[in-house]
Amino acid sequence: MQSHSEFQAPPPGCPAHDSGKSVPLYGPEFAADPDGFYSYLRQFGPAAPVELAPGVDATLVTDYAAALHVLQNPDVFARDSRRWRALNEGLVPPDSPVVPMMAYRPNCLFSDGADHLRLRQAVTHSMARVDTHRLSRHVERVAAYLIDQFSGRGRADLVSDYAQMLPLLVINDLFGCPAEIGDRLVFGTSGIFDGVDAENANEVLTEALVELVTLKRTTPGDDVTSWMMQHQANLTDEEMIHQLVTLIAAGTQPMQNVIASALRLMLSDAKYAGDQHAAGMLVEDAINDVLWNGPPLANYAVHYPVYDVDLSGSALDAGSPVLISFAAANTDPSLSMSRQTLSKRAHLAWGAGPHACPAKDPALLIAVLAIEKLLNTLPDIDLSVPADHLTWRPGPFHRALSSLPARFTPVRTEKKRAAAPVPSAGRSAGNAPTRPAHHGPEKGSWWSGFLGWWKV
């Protein structure tokens, strides 16, 4: 095995260049060149030492075969983060920004064995009841509403004006959120991911979910929240809240990143650009390209070895966090010859094994429809900056564009919906929505705005 000194130098700016310690994945250097970091990390073997945040060490699996082995062997690699030894021993700062993504929650993401099966079935059985025709119609409506907000300007940030908001508004419908609760879910979820007053946003989100669960206990509807409550798993209110946190988070942030990254390809890559770029097959190809080469959840699926284990030459300690790099595994050089013959869905962007994503088909449908609607409505849309000038948001877990500025011929709506509200949270060209300074969204914000617009 090579010594550390024999490895190629880390990418410029990486603190590991001089320290020889775990490679940090949370700075702007990693966001700017993740492939360079993965190339360096591969020299440690199938797994490498990384730092997810200051003081939070972990092991990152970068090899495709090793990743599959971890994902498919829950008896050795558990998901219950109550096994996280460093956190239990007080070695991880409790206010670390990665703790909310890694700490235990009583839901299917952080459970194993019989507990996992019970919690997982409540999700999979409920998601299987989603009517794809209803979902398609709602995506069309939400997309039309969002496009209507900026189509007359001739310019937009396709992240903050479109890709960020569309999944949130669609999820609100799927989970049966009335306007007054849906507005706070939009506010809370966006605030947590954006890091804008995250503590307040988390309180708003939790309170909103408590109210949603209380509402659905007394007044169930034709929605995923009610279906999970009615499931034979008999979920407690606490389990419902934490199931909803994971489902809503997984259905919004990664979806935003898929839509934005695929649009970047459609508007910049010669394979997709041109007057055929709205063709459905090309949209699906662009999404598949993103899932293989820049998956929206780049590094996650935290596992904890139940005992000290050797992973193809890499020693892993019991109770230490082991993350799967879906991005590095998908681009593993050992796959270079076989990727052409692998199934389009052989990538690991949806995970694998017992914790594989239970909602990949609805997610793909949402992404395809969102992109097709935008490109068909604004056929001459183009990036307003060179693709290589775009920037990516820092963070160890995601691959997320900061913005995606675009321009197009302004569209004049012949019969403008006079009563269509302007969201009170406010937007400015190229910027994320401004948020209230205090406790939550103001009356008449995005979810209320959409409902008012559609009923006109």
Side-chain angles (χ1 to χ4, degrees), residues 34-35 37-39 41-42 45-48 59-77 79 108-109 116 120 123-124 127-128 132 250-251 253-255 257-266 269 271-272 279-303 311-314 322-369 371 397-400:
D35 290 337
F37 276 69
Y38 299 143
S39 178
L41 290 171
R42 287 189 183 102
T59 299
L60 189 70
V61 179
T62 59
D63 176 87
Y64 184 92
L68 270 179
H69 178 75
V70 172
L71 292 165
Q72 295 176 341
N73 284 275
D75 291 340
V76 179
F77 299 97
R79 296 295 290 268
C108 58
L109 184 64
H116 171 256
R120 168 85 175 194
V123 172
T124 55
M127 292 303 301
T132 55
Q253 180 74 5
M255 280 299 306
N257 298 340
V258 167
I259 293 169
S261 293
L263 281 170
R264 179 185 70 88
L265 286 179
M266 298 290 291
D269 192 305
K271 290 188 297 183
Y272 306 107
M281 185 57 68
L282 288 180
V283 172
E284 292 180 11
D285 288 344
I287 291 172
N288 195 57
D289 195 334
V290 169
L291 295 175
W292 267 108
N293 299 307
L297 203 57
N299 309 296
Y300 197 46
V302 188
H303 294 76
L311 181 66
S312 302
S314 294
V322 177
L323 280 72
I324 304 299
S325 178
F326 303 114
N330 284 348
T331 55
D332 183 345
S334 67
L335 294 180
S336 59
M337 297 301 294
S338 60
R339 273 183 49 157
Q340 301 301 318
T341 59
L342 286 171
S343 163
K344 284 187 175 182
R345 293 197 176 187
H347 59 71
L348 298 181
W350 304 115
H355 287 272
C357 177
K360 58 180 178 294
D361 291 333
L364 283 171
L365 177 64
I366 293 169
V368 169
L369 292 177
I371 294 169
F397 304 119
H398 61 215
R399 182 63 172 159

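The structure displayed is predicted, hence computed values, not measured ones.
Here Leu265 contributes atom CG and Leu282 contributes atom CG; the two are 11.5 Å apart, rounded to the nearest 0.5 Å. Between Asn288 atom CG and Asp285 atom CG the span is 7.0 Å, to the nearest 0.5 Å.
By the side-chain contact (heavy atoms from CB on, under 4.5 Å) test, Ala260 is found to be paired with Val159, Ala163, Leu401, residues two or more places apart in sequence or in another chain being considered. Residues satisfying the side chain to side chain donor-acceptor pair (under 3.5 Å) test with Asn299, not counting sequence neighbours, are Tyr38, Ser325. Listed by chain and residue number, nothing satisfies the side chain to side chain donor-acceptor pair (under 3.5 Å) test with Asp35 (two or more places apart in sequence, or in another chain). Partners of Ala48 according to the side-chain contact (heavy atoms from CB on, under 4.5 Å) rule, which considers only residues two or more places apart in sequence or in another chain, are Leu41, Phe44. Applying the side chain to side chain donor-acceptor pair (under 3.5 Å) test to Arg79 and every residue at least two apart in sequence or in another chain returns nothing.
Using modelled atom types, one side-chain atom of Arg42 and one backbone atom of Ala328 make a donor-acceptor pair closer than 3.5 Å. Side chain of Asn73 to main chain of Asp75: no donor-acceptor pair is present (N/O by atom type, distance under 3.5 Å, no hydrogens or angles). Checking side-chain atoms of His347 against main-chain N and O of Ala349 turns up a donor-acceptor pair under 3.5 Å.
Of all the heavy atoms in Tyr64 and Asn330, the pair that sits closest is CE1-OD1, 4.4 Å. Residues Pro254 and Pro296 share a closest heavy-atom pair of O-CB, 3.4 Å. Heavy-atom minimum distance, Leu348 versus Ala67: CD1-CB, 3.8 Å. Between Met255 and Ala367 the shortest heavy-atom distance is CE-N, 3.7 Å. When all heavy atoms of Asn293 and Thr331 are compared, the closest pair comes out as OD1-CG2, 4.0 Å. Nearest approach of Ala286 to Met266, heavy atoms of both residues: CB-SD, 3.5 Å.
Side chains of Tyr300 and Leu109 form a contact here, defined as non-hydrogen atoms less than 4.5 Å apart. Counting heavy atoms from C-beta outward, Val70 and Leu311 have side chains that approach closer than 4.5 Å. Contact check for Gln253 versus Leu297: no side-chain heavy atoms found under the 4.5 Å cut-off.
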Is there a side-chain contact (heavy atoms from CB on, under 4.5 Å) between Val61 and Phe326? Walk through the geometry before answering.
CA-CA 9 Å; Val61 179; Phe326 303 114; over 6 Å; no
Quick one: do Ile371 and Leu263 satisfy side-chain contact (heavy atoms from CB on, under 4.5 Å)? Show the steps, please.
CA-CA 7 Å; Ile371 294 169; Leu263 281 170; 3.8 Å; yes
Please walk me through it: do Val302 and Val322 pass side-chain contact (heavy atoms from CB on, under 4.5 Å)?
CA-CA 6 Å; Val302 188; Val322 177; over 6 Å; no
Apply the test side-chain contact (heavy atoms from CB on, under 4.5 Å) to residues Val290 and Ile287: give CA-CA distance (whole Å), side-chain angles for both, the deciding distance (0.1 Å), then the verdict.
CA-CA 5 Å; Val290 169; Ile287 291 172; 5.6 Å; no
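Contact check on Lys271 versus Asp289 returns a salt bridge, with a Lys/Arg side-chain nitrogen under 4.0 Å from an Asp/Glu carboxylate oxygen.
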Residues 350-364, side-chain donor-acceptor partners within the protein, below 3.5 Å, at least two apart:
{"residue": "His355", "atom": "ND1", "partner": "Cys108", "partner atom": "O", "Å": "3.4"}
{"residue": "His355", "atom": "ND1", "partner": "His116", "partner atom": "NE2", "Å": "3.4"}
{"residue": "His355", "atom": "NE2", "partner": "Ser111", "partner atom": "O", "Å": "3.3"}
{"residue": "Asp361", "atom": "OD1", "partner": "Arg345", "partner atom": "NH1", "Å": "3.1"}

